[in-house]
Amino acid sequence: MKPDFEKICVIGLGYVGLPTAAVFASRGVQVVGVDTNVGTVEMINQGKVHIVEPDLDIMVNGAVSAGRLKATDKPQQADAYIIAVPTPFSNGYKPDLRFVESAARSLAPVLEKGALVIIESTCPVGTTEKVCVWLAEERDDLSFPHKAGEDADVQVAHSPERVLPGRVLLELVRNDRVVGGISPYCAERTRALYKIAVEGECLLTTAATAELVKLSENAYRDVNIAFANELSLIADKMGINVWEAIELANRHPRVNILQPGPGVGGHCIAVDPWFIAHSAPDESPLIQTARKVNDGKPAHVTKQILAAAKEKGATSIACLGLAYKADIDDMRESPAVTITAALADAFDGEILVVEPNSAKLPGALSSLNNIQLTSLEDALSKSSVIALLVDHQSFRELDNNELNGKAVIDTRGTWSNCFSVAINAVDNK
Ligand code: SAJ
């Protein structure tokens, strides 16, 4: 019998789409990857990748060499389509669905009866239904499940990605997936597709519930990080080491406070809670406040660094790290970039930036003339003020003696190990 899904088309070859395409290709499915960026398409067809993610290069290279993955700039006819394009927000934190809409409309001309369309992009509640409407507008010869239910010619579902950057290939296969269908049959077919590659459970629900589940996961994390960040402001005011306080509080069996940092970055947690706030502004004061607490943290850190530089009479400041979190190259919404730009603006001297995962400064910093990308050794030797903004491995491994005599603003608690001593002292009482 012919398998249900011989060929799939993945639209958007970014942090989620490319690994998804490669994983399906590695399971023997014929995959067409679509991206509007010509450079990305060319690179992938040469078996290369444009993003830093462990083992992705090997998997993409294998899939391209075996003839199972091909990139192109336009959707082709397939048994299933997976949309994995960005969903940013525009001014006023309004969700911007332009990329999802144009992906849906671009695949409509090649849609055939029996096809399955899945939206993996994180999106506001109601978007999967809107995709049905856009497809129906393009193809009045086909029926869609928002109107035709179980009898529709084409099935449509939402199955949000849940992978953690840095562990994408592992989590794609092992994580449970939430699968929300516009009709129950849409959800069942979607589960059948993911079961080709996913070892985790596929949990079926409605499309709207799946949309809210994904947004809730990231809002939950944002609210919890905001609590840790608020504690860090309180502890700073009281002259208490927040890392020590949190480690001690977490010894309570029902307390698990997350880690404070310089702010929350990335394309997900710093963005998705606004999708809830936009749909239910009066019902989401906690979620909105958490966003503001996290967004306010870079300004607090900037002030601390400037105060230290003034006290030291510093002529240069070392900023360690630009990515939004450790050991990746992604700088989207990165608080480290915000802080570095604010320092460059307010400080008369030079800002020496160290980012081991990037050979160049991002656009937001490259035009500022008092910022220089340099090596860790150079930044440490020239600066009396050291700001640790990202806990990349090479910074974690730094010998603390190299920091002697310098003012250190450790936003990640990486070098604040004085509290371990305090905890031992408490334990021994
Ligand atoms: N952060 C803290 N303190 C913490 C944990 C994180 O300040 O205790 C900061 C990080 O430094 C970073 C930001 O939060 O700036 C977000 O990092 P993250 O590791 O929490 O999450 P992301 O954005 O890399 O990935 C999240 C994940 N969602 C959840 O864990 C609920 C991932 O599973 C999602 O697939 C991804 O968002 C997404 O694409 O939505």
Side-chain angles (χ1 to χ4, degrees), residues 4-5 8-12 16-17 20 78-87 89 95-108 111 113-139 142-163 175-195 198 200-220 268 271-280 283:
D4 211 9
F5 301 104
I8 68 167
C9 183
V10 178
I11 302 170
V16 172
T20 304
D79 303 313
Y81 301 83
I82 294 178
I83 298 178
V85 294
T87 42
F89 54 62
D96 178 359
L97 297 179
R98 245 177 321 155
F99 300 116
V100 179
E101 180 172 354
S102 89
R105 291 194 193 274
S106 76
L107 70 84
L111 258 189
K113 194 173 169 174
L116 171 66
V117 178
I118 301 166
I119 297 99
E120 278 209 17
S121 310
T122 306
C123 45
V125 175
T127 305
T128 310
E129 178 125 9
K130 269 193 192 148
V131 167
C132 293
V133 173
W134 293 326
L135 292 173
E137 278 171 11
E138 299 291 326
R139 293 294 300 270
L142 291 171
S143 64
F144 293 88
H146 67 307
K147 290 271 175 68
E150 300 290 81
D151 300 325
D153 292 333
V154 173
Q155 277 75 52
V156 183
H158 179 53
S159 184
E161 59 85 11
R162 293 175 132 177
V163 289
N175 287 2
D176 291 341
R177 283 200 90 96
V178 176
V179 173
I182 290 287
S183 73
Y185 181 52
C186 296
E188 272 164 36
R189 282 206 73 207
T190 304
R191 169 161 60 189
L193 173 65
Y194 282 114
K195 273 298 165 195
V198 171
E201 252 186 276
C202 289
L203 308 153
L204 307 197
T205 182
T206 64
T209 305
E211 286 162 344
L212 184 61
V213 166
K214 167 69 193 194
L215 298 177
S216 310
E217 291 165 1
N218 282 352
Y220 168 86
C268 312
V271 175
D272 301 350
W274 289 121
F275 292 179
I276 298 180
H278 185 259
S279 306
E283 294 76 12

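Note that CH2 of W134 is 9.5 Å distant from OG of S102, once rounded to the nearest 0.5 Å. Between L116 atom CG and E188 atom CD the span is 12.0 Å, to the nearest 0.5 Å. For the atom pair CD1 (I182) and CD (E150), the distance works out to 11.5 Å, reported to the nearest 0.5 Å.
Partner of E120 under the side-chain hydrogen bond (donor to acceptor under 3.5 Å, both in side chains) criterion, out of K214, R162, R177: R177 alone.
D176 contributes a side-chain N or O that, together with a main-chain N or O of E201, makes up a donor-acceptor pair within less than 3.5 Å. Of the possible donor and acceptor atoms, none in the side chain of T87 sits under 3.5 Å from a partner among the backbone N and O of L97. Listed for the R191 side chain is no donor-acceptor partner under 3.5 Å among the backbone atoms of L203. A donor-acceptor contact shorter than 3.5 Å is absent between the side chain of T127 and the backbone of C123. Listed for the S159 side chain is a donor-acceptor partner under 3.5 Å among the backbone atoms of V178. T209 places no side-chain N or O within 3.5 Å of a backbone atom of T205 that could act as its donor or acceptor partner. Without hydrogens or angle criteria, H158 side chain to T128 main chain gives no donor-acceptor distance under 3.5 Å. The backbone N or O of P145 lies less than 3.5 Å from no partner atom in the side chain of Q155, so there is not a single donor-acceptor pair.
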- [ ] Go through the steps to decide whether L107 and Y81 satisfy the test side chain to side chain contact (heavy atoms under 4.5 Å, CB included), and finish with yes or no.
- [x] CA-CA 8 Å; L107 70 84; Y81 301 83; 3.9 Å; yes
- [ ] Evaluate the side chain to side chain contact (heavy atoms under 4.5 Å, CB included) criterion for residues Y220 and L215: first the C-alpha distance (whole Å), next the side-chain angles of each, then the deciding distance (0.1 Å), finally the verdict.
- [x] CA-CA 9 Å; Y220 168 86; L215 298 177; over 6 Å; no
- [ ] Run the numbers on R139 and L135 for side chain to side chain contact (heavy atoms under 4.5 Å, CB included), then give the verdict.
- [x] CA-CA 6 Å; R139 293 294 300 270; L135 292 173; over 6 Å; no
TODO: May I have the step-by-step check of side chain to side chain contact (heavy atoms under 4.5 Å, CB included) for Y185 and D151, ending in yes or no?
DONE: CA-CA 9 Å; Y185 181 52; D151 300 325; over 6 Å; no
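Under the 4.5 Å side-chain criterion, counting only non-hydrogen atoms from C-beta, R189 is in contact with D4. Using a 4.5 Å heavy-atom threshold, the side chains of F275 and H278 count as separate. The shortest side-chain heavy-atom distance between D79 and I8 does not fall under the 4.5 Å cut-off. Side-chain contact between T122 and E161 is present, with heavy atoms from C-beta onward closer than 4.5 Å. Put simply, the side chain of I82 reaches to within 4.5 Å of the side chain of L193, judged on heavy atoms. Side-chain contact between F144 and L111: present, with at least one pair of heavy atoms (C-beta onward) separated by less than 4.5 Å. At a threshold of 4.5 Å between non-hydrogen side-chain atoms, the residues P160 and E211 do not count as touching. Residues I83 and V117 meet the side-chain proximity criterion, which asks for heavy atoms closer than 4.5 Å.
Nearest approach of V85 to G12, heavy atoms of both residues: CG1-CA, 4.1 Å. Contact between S216 and L212 at its shortest, heavy atoms only, is OG-O, 2.5 Å. For the pair A187 and L204, the tightest heavy-atom approach, listed with the atom from each and the gap, is O-CD2, 3.9 Å. Summarising the geometry of P273 relative to A219, their closest heavy-atom pair is CG-CA, 4.0 Å, with the distance given to 0.1 Å. In terms of heavy atoms, D153 sits closest to L142 at OD2-CA, 3.5 Å.
For R98, the CZ atom is loosely surrounded, since the number of other residues' heavy atoms within 6.0 Å does not exceed 12. K147 NZ: 12 or fewer foreign heavy atoms inside a 6.0 Å radius.
A salt bridge does not link E101 to K130: none of the charged side-chain nitrogens sits closer than 4.0 Å to a carboxylate oxygen.
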